[in-house]
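What follows is a single structure, written as structure tokens, with notes after it.
Every chain is numbered from 1, with letters handed out A, B, ... down the list of sequences. These numbers were taken from a predicted model, which means no experiment stands behind them.
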Number of protein chains: 4
Amino acid sequence: MARITGSNGARTAAAIRHAATRQIYRHGFAAMNLRTLAAEVGIQPSSLYNHIRSKQALLADLMQAHMEALLAATDAALAAAGPMPLDRLRAFIGHHVLYHMERREEVYIANFELRALDAANYGRIVALRSAYERRLMALLEEGVAAGELVVDDITVTAFALLAMLTGICTWYRPNGRLDKARLSALHTDLAIEGLRRRPCPRSA
Amino acid sequence: MARITGSNGARTAAAIRHAATRQIYRHGFAAMNLRTLAAEVGIQPSSLYNHIRSKQALLADLMQAHMEALLAATDAALAAAGPMPLDRLRAFIGHHVLYHMERREEVYIANFELRALDAANYGRIVALRSAYERRLMALLEEGVAAGELVVDDITVTAFALLAMLTGICTWYRPNGRLDKARLSALHTDLAIEGLRRRPCPRSA
Amino acid sequence: MARITGSNGARTAAAIRHAATRQIYRHGFAAMNLRTLAAEVGIQPSSLYNHIRSKQALLADLMQAHMEALLAATDAALAAAGPMPLDRLRAFIGHHVLYHMERREEVYIANFELRALDAANYGRIVALRSAYERRLMALLEEGVAAGELVVDDITVTAFALLAMLTGICTWYRPNGRLDKARLSALHTDLAIEGLRRRPCPRSA
Amino acid sequence: MARITGSNGARTAAAIRHAATRQIYRHGFAAMNLRTLAAEVGIQPSSLYNHIRSKQALLADLMQAHMEALLAATDAALAAAGPMPLDRLRAFIGHHVLYHMERREEVYIANFELRALDAANYGRIVALRSAYERRLMALLEEGVAAGELVVDDITVTAFALLAMLTGICTWYRPNGRLDKARLSALHTDLAIEGLRRRPCPRSA
DNA sequence: TATGAATGAGCGTTCATTCAT
DNA sequence: AATGAATGAACGCTCATTCAT
């Protein structure tokens with residue numbers, strides 16, 4: 001007699017989020033339409049509204065969930081990395097690259113659909129994004145303080161590194177020439193080698 | 001009664017391209033609409049069609065013009081840089097960063113609106129884009145061949161560098177904290193330091 | 001575990017009728033929606049259908065209940081008024097005005113939502129409405145037959161009087177400047193003075 | 001060569017206003033839909049928007065045009081009526097009834113669709129409506145001041161008279177039993193007889 | 001009796017585009 | 001070269017209603 005309450009509804013909601021992520025990633029939020037989304041989920045367009053409040057809210061929810069998951073996973077990776085600044089920076093970068101390969105659709109959306117958010121949602125999501133950027137800046141500062149890194153400008157360097165490390169989600173394909181571990185190692189080296197203090201002179 | 005035919009029309013066409021660049025940059029191609037574009041230019045939507053064939057063709061023309069200008073300017077910068085691999089790489093990077101600050105709207109469009117192109121245009125623009133990427137790969141190979149660079153994977157490194165150096169066009173603002181020259185130098189160092197062969201050991 | 005079946009349900013049904021009356025009065029039948037109605041009652045929209053057959057049937061039931069109550073109350077007022085034509089007309093008018101102030105929402109609906117009824121319901125409700133109009137026409141005829149009234153056209157006069165006396169339900173507010181008794185008296189005088197046969201000449 | 005500028009457009013706009021008046025009168029604003037309206041005009045629904053800003057603006061424009069025309073026509077009728085209070089009141093009433101028979105659709109809309117207006121439009125239209133009501137109140141006051149009328153409460157009497165005289169537009173049909181002149185005379189008498197001061201006593 | 005999820009029809013509106021003038 | 005009016009397709013969304021639980 002007992003109905004598995006919400007079971008079907010929860011499954012539909014998850015299917016909507018999944019399909020929406022795919023379609024926004026492929027076509028962009030503005031170009032994605034709710035009729036096609038509903039069709040991919042296998043329901044009528046009007047049924048979408050049993051699970052979302054609006055197209056805009058769907059995007060915002062997707063982005064918020066992504067940012068919160070990314071922050072939590074990052075903090076977990078840092079917690080496991082121990083106390084050494086360079087280890088922690090490596091952990092951040094390695095985790096970032098792996099995460100961005102595994103969740104490249106969510107990542108891409110969170111990076112390139114900010115402009116599609118209305119004012120209220122924009123503020124909320126950008127705050128989460130800034131928190132993530134601050135994680136990296138803090139690590140760079142730790143490294144400098146420990147004398148292990150040379151960083152001319154923390155902010156610019158953080159932005160440049162994030163751009164480099166995030167870029168992978170625009171071209172990575174699961175069955176490509178190189179596997180995730182290799183790509184992660186390559187990016188980590190590229191990012192860190194340019195920053196490490198060395199005993200020898202940096203002459204031009 | 002005779003009007004200097006073409007003069008006014010050419011001015012209108014230029015105004016359309018300029019306004020379109022701004023609006024696509026701000027809202028994305030799919031979210032930008034021809035009503036608003038026409039309003040910004042100061043004409044009626046239907047008058048747009050005296051100057052463009054379609055919204056799609058407008059985008060493709062903008063992207064093609066940008067890519068061709070970028071390639072020409074890059075080749076000029078390389079021609080002026082002399083024969084030394086490291087100088088040439090510095091010239092490429094310096095030029096890339098400056099260009100991406102000065103023309104950040106066109107650059108952003110060319111990078112993030114590829115998916116809005118129809119099949120025929122897509123092929124044409126991607127070919128130009130690949131030509132640009134190959135410029136950088138060639139420089140990396142030259143540097144390795146000359147024994148001045150250590151590059152584990154040319155393709156991945158080129159993509160990673162381009163992502164890093166292009167990222168600036170998403171946040172650079174003309175009146176920001178740092179000027180163009182400083183930002184260019186910072187990025188050049190970040191990009192090159194990680195690649196330079198050094199006499200001393202790399203390991204920690 | 002046993003619930004006093006029907007008790008709660010009857011309360012819900014009454015709450016629905018009450019809320020529906022308010023919302024139709026305020027926004028009109030077409031503009032009123034079952035979502036908002038359900039929300040005001042404190043149930044889900046689908047639960048409404050345990051108490052109503054359809055939105056249309058809800059309206060028809062409301063209007064029928066109103067018309068039957070109005071007819072019954074009118075007949076009771078006339079029965080109490082005695083045999084004199086002028087007394088009976090005063091009784092009708094006084095009752096009408098008081099009733100239209102006290103039940104102005106139901107009255108308004110019954111008067112202005114006839115066009116929202118489907119064919120079958122329309123016929124039924126209009127028949128009740130006509131019965132009410134005939135009550136007034138009969139009183140006018142009695143008054144003329146008794147030589148107490150001068151009425152040029154019974155039908156037009158009845159319609160004009162009803163329009164005047166019903167108008168009050170569009171602007172009456174319980175805490176307004178004048179109380180019900182005063183408003184009732186004012187309207188009764190306005191309605192009757194123009195009809196009374198007088199010993200003196202009518203012309204100016 | 002010279003195009004009769006706007007000719008076709010103006011004709012379409014007029015056809016839209018005409019068809020909208022009919023459909024709002026018949027079904028009410030909320031129940032009327034723009035697809036049917038467009039079909040009646042003989043254009044596509046989207047073409048409506050070359051002539052209206054929105055459904056709401058269409059209603060507001062219709063009501064405003066009606067109220068302004070009514071006020072202007074009323075003032076013209078009063079100007080032609082001469083200085084005598086009773087003549088002026090007769091002129092107002094006679095004009096009101098004739099106008100409400102001839103333009104009963106516009107009148108009905110203006111009276112019963114106020115609640116469909118948004119806040120800004122509501123204020124504007126109600127102000128015009130009040131101006132019209134004040135015309136009648138002023139005439140009643142003139143009549144009382146001249147000793148020709150007995151009016152217990154100016155406001156209530158004005159509302160009651162307007163309700164009576166406006167009611168005709170809910171049932172008048174052009175080919176009915178009585179013609180306009182007769183209906184106008186009947187209503188004028190009904191309205192005025194109850195207010196006239198008489199030499200003989202008003203005993204019950 | 002109440003509900004969450006689904007439905008199909010339809011809503012007001014916007015869109016890029018066309019075309020006679 | 002520019003326009004006003006028109007178009008057909010599509011959009012996000014709301015509606016009354018159904019139904020298994």
Side-chain angles (χ1 to χ4, degrees), chain A residues 1-13 30 32-38 42-56 58, chain B residues 3 5-13 30 33-38 42-56 58, chain C residues 3 5-10 12-13 30 32-38 42-56 58, chain D residues 1-13 30 32-38 42-56 58:
Chain A
M1 207 56 55
R3 180 186 173 199
I4 305 160
T5 306
S7 150
N8 223 340
R11 219 175 299 142
T12 302
M32 162 259 215
N33 81 75
L34 261 27
R35 278 170 174 79
T36 307
L37 177 63
I43 59 177
Q44 296 300 317
S46 53
S47 302
L48 249 19
Y49 288 83
N50 290 317
H51 306 280
I52 67 173
R53 275 157 297 137
S54 67
K55 192 190 178 194
Q56 166 74 207
L58 170 60
Chain B
R3 200 141 48 97
T5 308
S7 152
N8 220 338
R11 221 175 300 142
T12 302
N33 74 75
L34 297 186
R35 263 172 179 64
T36 308
L37 177 63
I43 59 178
Q44 296 300 317
S46 53
S47 302
L48 249 18
Y49 287 83
N50 290 314
H51 306 278
I52 67 173
R53 273 158 297 137
S54 67
K55 192 189 178 193
Q56 166 72 208
L58 171 60
Chain C
R3 202 142 45 98
T5 308
S7 151
N8 220 340
T12 302
M32 162 261 216
N33 74 75
L34 296 186
R35 264 172 177 63
T36 308
L37 177 62
I43 59 178
Q44 296 301 316
S46 53
S47 303
L48 248 19
Y49 287 84
N50 290 316
H51 305 278
I52 67 173
R53 274 158 297 135
S54 68
K55 193 189 176 194
Q56 167 73 208
L58 171 60
Chain D
M1 207 57 52
R3 180 187 173 197
I4 305 161
T5 305
S7 149
N8 222 339
R11 218 175 300 140
T12 303
M32 162 259 215
N33 83 74
L34 296 185
R35 278 169 175 78
T36 307
L37 176 63
I43 59 177
Q44 295 300 316
S46 52
S47 301
L48 249 19
Y49 287 84
N50 289 317
H51 306 279
I52 67 172
R53 273 157 299 137
S54 66
K55 191 190 179 194
Q56 166 74 207
L58 170 60

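Put simply, CG on A:N8 is 15 Å from C1' on E:dT7, counting in whole angstrom units. The separation between B:R11 atom CZ and F:dA1 atom P is 13 Å, rounded to whole Å. The distance from atom CD1 of C:I52 to atom P of F:dA16 is 9 Å, rounded to the nearest whole Å. As a whole-Å value, the separation of A:Q44 CD from F:dT18 P is 17 Å. The distance between atom NZ of B:K55 and atom P of E:dT18, rounded to the nearest whole Å, is 15 Å. Between the C1' atom of F:dC13 and the CG atom of A:L58 lies a distance of 14 Å, rounded to the nearest Å. In this structure, D:L48 atom CG and F:dG4 atom P are separated by 18 Å, rounded to whole Å. The CG atom of B:L37 sits 12 Å away from the P atom of E:dC15 (whole-angstrom rounding).
On a pure distance criterion of 3.5 Å, a polar donor-acceptor pair joins the side chain of D:R35 and the base of E:dG12. One donor-acceptor pair, N or O on each side, does fall under 3.5 Å between the base of F:dA2 and the side chain of B:N50.
Where B:S46 and A:S47 each meet DNA chain E at their nearest nucleotide, the meeting point lying more 5' is that of A:S47. Nearer the 5' end of DNA chain E, as judged by each residue's closest nucleotide, is the contact made by C:I43, out of C:I43 and B:A30. Both B:G42 and A:R53 lie close to DNA chain F; mapped to their nearest nucleotides by heavy-atom distance, the more 5′-ward contact belongs to B:G42.
For D:Y49, the listed nucleotide lying nearest its side chain is E:dT14; candidates were E:dT14, F:dG12, F:dT17. Of the candidate nucleotides E:dA6, F:dC13, E:dT3, E:dA6 has the atom nearest to the side chain of A:H51.
Taking a pair to require two hydrogen-bonding distances under 3.5 Å in either a Watson-Crick or a G-U wobble arrangement, E:dG10 pairs with F:dC13. Pair check for F:dT21 finds E:dA2; Watson-Crick or G-U wobble, both atom distances under 3.5 Å. Pair assignment for F:dG8: E:dC15, on the basis of Watson-Crick or G-U wobble contacts that are both within less than 3.5 Å.
Taking all atoms of both residues into account, the shortest heavy-atom contact from B:L34 to B:L48 is O-CD2, 3.4 Å. In terms of heavy-atom proximity, A:A38 sits nearest to A:Q44 at CB-C, 3.8 Å.
The closest side-chain heavy-atom distance from C:N50 to C:I43 is not below 4.5 Å.
Side-chain polar atoms of A:N33 and A:T36 form a donor-acceptor pair below 3.5 angstrom.
At a threshold of 4.0 angstrom between heavy atoms, the contacts of A:N33 are confined to the sugar-phosphate backbone, with no base atom among them.
In this model, the phosphate group of F:dA6 is approached by a side-chain N or O of D:T12 to a distance below 4.0 Å at OP1 or OP2.
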